[in-house]
Amino acid sequence: MEKRPSTLFVSLRLTFEEKARLQTDAADMPVSEYMRWRLFDPGNPPPRRRSKAPVKDQKALAQAIGLLGQSRLSSNLNQLARSANTGSLPVTPDTEAALLEAVAEIREIRRLLIEALNLEVD
């Protein structure tokens with residue numbers, strides 16, 4: 001008994017313009033995957049793919065990683081969450097100022113990561 005291949009190849013003749021349009025429409029998807037999606041599942045959104053070059057800005061990524069390394073945000077946030085959960089977190093002006101500062105730092109790190117990784121935010 002002969003084993004059948006799991007996939008088969010199909011040839012398609014295209015003009016140069018058609019091929020260019022197909023590659024443009026496929027964007028960061030492999031063309032064969034894009035064609036399968038268009039033929040067999042066009043009613044659903046296309047599968048999400050990672051970009052071939054996900055890092056848009058190496059400098060911004062380095063800044064974000066540097067900020068993460070210098071900060072003790074994860075440790076401090078964990079301590080704050082533990083204190084809040086046990087009810088032992090005194091809400092003083094100093095505590096509020098520290099929380100607002102941490103939030104600002106986290107927002108900046110998030111912004112740098114989104115920029116560096118070329119992500120779209122809804």
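Note that the structure is predicted; figures quoted are calculated from it, not measured.
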task = Determine, step by step, whether Val10 and Met35 satisfy the side chain to side chain contact (heavy atoms under 4.5 Å, CB included) criterion, reporting the C-alpha distance in whole Å, the side-chain angles of both residues, the deciding distance to 0.1 Å, and the verdict.
result = CA-CA 11 Å; Val10 175; Met35 290 172 65; over 6 Å; no

remark   = d(Leu99 CG, Leu89 CG) to nearest 0.5 Å is 6.5 Å

request  = First locate atom CZ of Arg111, then atom CD of Glu108, and finally report the distance between them rounded to the nearest 0.5 Å.
outcome  = 4.0 Å

task = Tell me, please, which residues at least two apart from Asp25 pass salt bridge (charged side-chain N to carboxylate O under 4.0 Å, His left out).
result = Arg21

task = Kindly work out whether a path of hydrophobic side-chain contacts (I/L/V/M/F/W/Y, heavy atoms less than 4.5 Å apart) joins Met29 to Leu12.
result = yes

From Leu22 atom CG to Glu17 atom CD, the distance as rounded to the nearest 0.5 Å = 13.0 Å

inquiry  = Any side-chain to backbone donor/acceptor pair from Glu18 onto Thr15? Under 3.5 Å, distance only.
reply    = yes

task = Examine Leu39 and Leu14 and state if one hydrophobic cluster contains both, with Ile, Leu, Val, Met, Phe, Trp and Tyr joined whenever side-chain heavy atoms are less than 4.5 Å apart.
result = no

